[in-house]
Amino acid sequence: TADGGFVVSASKTLRVWSQKAPHQLLHTLPVGCWVYTLAVCDTDQGQARANTIYAGCVDGVIRCWNMSDLNTGKDEHVQLGGGNGKAKPQKGDAIRALAANGAVLYSGTADGRMRAWDLSSQPASVRSLQNSHNGAVRAIDADEMSNVVFSAGTDRTIKMWSEGAS
């Protein structure tokens, strides 16, 4: 995080480490499936909570943990997207890219779909973004100052749009 608090690594388990030497393991969190991408919201903007970890997974679900909860012994997480656990995830559902921008979390999938999650509403509302990619989304960046979102895909394109556009 920007304040030097922690870093996160993942496979099928999330590991949260202190960023300052001696880099102690703070938390080990079972995820249950492969994590493809991570994002951390390290600012408290609007109603979004600071120091929230987002893990984009192969099953199309985004799992969210808040460090304040973890530090008080609660290791529960919230899930965004995906099915109810009964439907088999499809190949294109995998979350391949994430970017946290204040109260909005952007996600991109293996089949090129982009979504914007409004984290200030409970439960989080979601909208699909137009002009998504014709291949997997590989990277997303959201600029807080200009409210512009960028994404890059395996279709060899970089897309840019205003945060309010859909």
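Predicted model only: the values in this text are computed from it and were never measured.
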Spacing of CD belonging to Gln79 relative to SG belonging to Cys64, to within rounding of 0.5 Å: 8.5 Å
Residues forming a side-chain contact (heavy atoms from CB on, under 4.5 Å) with Asp155, sequence neighbours excluded: His133, Asn134, Thr157
Taking every non-hydrogen atom, the tightest pair across Ile95 and Thr37: O-CG2, 3.8 Å
All side-chain hydrogen bond (donor to acceptor under 3.5 Å, both in side chains) counterparts of Thr154, not counting sequence neighbours: none
Pairwise distance CG(Asn66) to OH(Tyr54) - rounded to 0.5 angstrom: 8.0 Å
Rounded distance (nearest 0.5 Å) linking atom CG of Asp141 with atom CG of Asn101: 8.5 Å
Any Ser151 side-chain heavy atom under 4.5 Å of Ile158 side chain: no
Sub-4.5 Å side-chain heavy-atom contact between Val8 and Arg15: no
Worked check of side-chain contact (heavy atoms from CB on, under 4.5 Å) between Ile140 and Phe150: CA-CA 6 Å; Ile140 303 171; Phe150 300 89; over 6 Å; no
Non-hydrogen side-chain atoms of Trp117 and Ser125 separated by less than 4.5 Å: no
Lys159 vs Val149 side-chain heavy atoms within contact, under 4.5 Å: no
Distance in Å, Leu80 CG paired with Leu98 CG, rounded so as to fall on 0.5 Å steps: 9.5 Å
Shortest non-hydrogen contact between Val31 and Val35, atoms and distance: CG1-CG2, 3.8 Å
Least distance between heavy atoms, Ala39 atom then Ala100 atom: CB-N, 4.2 Å
Stepwise side-chain hydrogen bond (donor to acceptor under 3.5 Å, both in side chains) test for Ser9 and Trp17: CA-CA 8 Å; Ser9 62; Trp17 306 84; 3.1 Å; yes
Any side-chain heavy-atom pair of Ile53 and Val16 under 4.5 Å: yes
Closest non-hydrogen atom pair between Ala116 and Val104, with its separation: CB-CG1, 4.1 Å
Test item: Thr52 and Val40 side chains (from C-beta on) under 4.5 Å apart, heavy atoms: no
Side-chain donor/acceptor of Ser120 to backbone N/O of Ala103, under 3.5 Å: no
Nearest heavy atoms of Gln19 and His23, plus distance in Å: O-CE1, 2.9 Å
side-chain hydrogen bond (donor to acceptor under 3.5 Å, both in side chains) against Trp34, all qualifying residues, sequence neighbours excluded: none
Side-chain touch Trp65/Leu14, heavy atoms, less than 4.5 angstrom: yes
In one Ile/Leu/Val/Met/Phe/Trp/Tyr side-chain cluster, 4.5 Å: Met67, Val78: no
Phe6 CZ to Gln24 CD distance, which is reported to the nearest 0.5 Å: 15.5 Å
OG on Ser132 to CZ on Arg115, rounded to 0.5 Å: 9.0 Å
Heavy-atom side-chain contact between Arg96 and Arg138 under 4.5 Å: yes
Closest approach of Arg63 to Cys57 (non-hydrogen atoms, all atoms of both residues): NH1-SG, 3.2 Å
Pairing of Asp118 and Arg127 as salt bridge, 4.0 angstrom limit: no
Thr13 side chain to Leu29 backbone, donor-acceptor under 3.5 Å: no
